[in-house]
**Q** 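Take this structure first; my questions come after.
Quick note on labels: first sequence line is chain A, next is B, and so on, each numbered from 1.
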Amino acid sequence: MRIATWNVNSITARLPRLTQWLESAQPDVLCLQELKVSDDAFPQQELRALGYESVVSAQGRWNGVAVLSRVGIEDPALSLPGAPAWEGAVEARAAAATCGGVRVWSLYVPNGREVGHPHYEYKLQWLAALRDAAEKFASAATPFAALGDFNIAPTDRDVHDIAEFEGSTHVTSREREALAALEAAGVSDVYPRPLKYDVPFTYWDYRQLCFPKNRGMRIDLVYGNEAFTTAVSDAYVDREARKGKGASDHAPVVVDLEL
DNA sequence: ATGACTCAGGCGCTGAGA
């Protein structure tokens, strides 16, 4: 089974690239983030034509996540239990389903904006809710994975130049402690192969030639429980999908499993 | 070549992304 995660930065703008990628990469399950679309405008029919059913949590202009599956969808869920609200509303940042026997969560962790900003505290609260909600799945015998845009670089090596991130979000100890707490609940980081260079970055800013210069970050992560990680036969970042016109600023992370 | 930011909402320009 092939499972992938991809922050598409608008499913509407990305639909041509998305359909092309589904046809070439042939994932059985794909977790999407940053749909930036209303429920009405989600391209359900186009995806169904390619053989994928969808679980979608969308909210219009911002956020939005989905799980696409061509191996069935059972027990869909459209929110993270205990998720904190932002400015009075729970945002569309989690969608889940059991697909071909694997419990899959598609996650879009809040950005945090700046250290000390209320959004940074919201990010940490959201991660605490994630840890609590993941605990029972992490310790289960059923394969389980929490995949998505975590907006955290797990180590200094996971950014192109740690000196540039002094005082910024995405690299702080409190964010990394939240990942450590998640791991302590019983999941581990499935570290992918880079197709080029030494670190498997998954995000490169659109500006200032960041992608050609490989000034990236590894912030799209796959956390699996033991039943999941022992089944992993390969994992890689498909940086080819970041090339050219009309690309997202994130690349897909692909995981192959022998179940 | 991988090339100097992009997207939605809405029609000028703002907020967000990380």
**Q** Start at the 5' end of DNA chain B and walk down; is the nucleotide closest to A:Q208 or to A:K243 reached first?
**A**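 The residue mapped nearer the 5' terminus is A:K243.
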**Q** Is there a side-chain polar atom (N or O) of A:H250 under 4.0 Å from OP1 or OP2 of B:dA18?
**A**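 It does, given that an N or O in the side chain of A:H250 lies less than 4.0 Å from OP1 or OP2 of B:dA18.
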**Q** Could you work out the separation of B:dT2 and B:dG12 based on their P atoms and round it to a whole Å?
**A**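 The same atom, P, in both gives a distance of 37 Å.
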**Q** Starting at OH of A:Y122 and ending at C1' of B:dA18, how long is that distance when rounded to a whole Å?
**A**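 My rounded result for the distance is 16 Å.
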**Q** Do you see a donor-acceptor pair shorter than 3.5 Å between the side chains of A:Y206 and A:N9?
**A**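 Present: a donor and an acceptor within the cut-off.
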**Q** Would you say A:S106 and A:Q33 are linked by a side-chain donor-acceptor pair, where the criterion is simply a distance under 3.5 Å?
**A**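 Yes - a donor-acceptor pair under 3.5 Å links their side chains.
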**Q** Measure CD/A:E91 against P/B:dA16 and give the value in whole Å, please.
**A**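 Between P of B:dA16 and CD of A:E91: 11 Å.
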**Q** Nearest-Å distance, CG (A:L18) to P (B:dC7)?
**A**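 After rounding, the gap between these two atoms is 14 Å.
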**Q** Are A:F165 and A:H160 close enough that their ring centers fall under 6.0 Å?
**A**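 Ring centroids of A:F165 and A:H160 are less than 6.0 Å from each other.
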**Q** Is the A:H117 to A:Y120 ring centre distance short of 6.0 Å?
**A**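 That pair fails the under 6.0 Å test.
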**Q** Output the rounded distance in Å from NZ (A:K123) to P (B:dA16).
**A**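 Those two atoms, NZ and P, are 16 Å apart.
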**Q** Between B:dG3, B:dG17, B:dA18, which nucleotide has the shortest distance from any of its atoms to the side chain of A:L209?
**A**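 Side chain of A:L209 sits closest to B:dG3.
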**Q** Using the P atom as the point on both nucleotides, what is the distance between B:dC7 and B:dG3, in whole Å?
**A**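 Rounded to whole Å, the distance is 14 Å.
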**Q** Which whole-number value in Å describes the distance from A:W62 CH2 to B:dC7 P?
**A**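 Between P of B:dC7 and CH2 of A:W62: 13 Å.
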**Q** Checking only heavy atoms, does the side chain of A:K196 share a donor-acceptor pair with the base of B:dT2 at less than 3.5 Å?
**A**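 Answer is yes: a donor-acceptor pair is held.
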**Q** Grab the CG-P distance between A:D205 and B:dG3 for me, whole Å please.
**A**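 So the CG-P distance, A:D205 to B:dG3, works out to 14 Å.
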**Q** Give A:N151 one of three labels, base, sugar-phosphate or nothing, depending on what nucleic acid heavy atoms sit under 4.0 Å from its own.
**A**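 Sugar-phosphate contact only.
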**Q** Please check the phosphate of B:dA18 (OP1 and OP2 only) for any side-chain N or O of A:Y108 closer than 4.0 Å.
**A**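 Answer is yes, contact under 4.0 Å.
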**Q** Think A:R113 has a side-chain N or O under 4.0 angstrom from the OP1 or OP2 of B:dG17?
**A**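 Checking A:R113 against B:dG17: at least one side-chain N or O falls below 4.0 Å of OP1 or OP2.
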**Q** Is a donor from one side chain sitting under 3.5 angstrom from an acceptor on the other, for A:S10 and A:E34?
**A**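 Short answer, no.
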**Q** Please tell me whether A:W86 and A:H119 form a close aromatic pair, meaning their ring centres lie under 6.0 Å apart.
**A**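 Yes; A:H119 has its ring centre under 6.0 Å from that of A:W86.
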**Q** Would you say a side-chain N or O of A:N9 is under 4.0 Å from OP1 or OP2 of B:dA16?
**A**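 Checking B:dA16 against A:N9, no side-chain N or O comes under 4.0 Å of OP1 or OP2.
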**Q** Look at the side chain of A:T12 and decide which nucleotide, out of B:dA18, B:dA8, B:dG3, has an atom nearest to it.
**A**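 Shortest atom-to-atom distance from the side chain points to B:dA8.
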**Q** Can you tell me how far C1' of B:dA18 sits from CD1 of A:I152, to the nearest Å?
**A**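 These atoms are roughly 12 Å apart.
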**Q** Can you find a side chain N or O atom of A:R61 that sits less than 4.0 Å from OP1 or OP2 on B:dT14?
**A**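 No, because none of the side-chain N or O atoms of A:R61 sits under 4.0 Å from OP1 or OP2 of B:dT14.
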**Q** Please report the distance, rounded to the nearest Å, between CG in A:N111 and C1' in B:dA18.
**A**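 So the CG-C1' distance, A:N111 to B:dA18, works out to 5 Å.
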**Q** What's the gap between B:dG15 and B:dG10 when it is taken at their P atoms, as a whole Å value?
**A**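 Per the computed distance, 15 Å lies between those P atoms.
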**Q** From C-beta outward on A:Y197, which listed nucleotide comes closest to its side chain: B:dG17, B:dA18, B:dT2?
**A**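 Nucleotide nearest to A:Y197's side chain: B:dT2.
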**Q** For B:dA18, does either OP1 or OP2 sit under 4.0 Å from a side-chain N or O belonging to A:T169?
**A**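 Indeed not, no polar side-chain atom of A:T169 lies that close.
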**Q** Considering only atom P, compute the distance from B:dT14 to B:dA1 and round it to an integer number of Å.
**A**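 After rounding to an integer number of Å, I get 37 Å for this pair.
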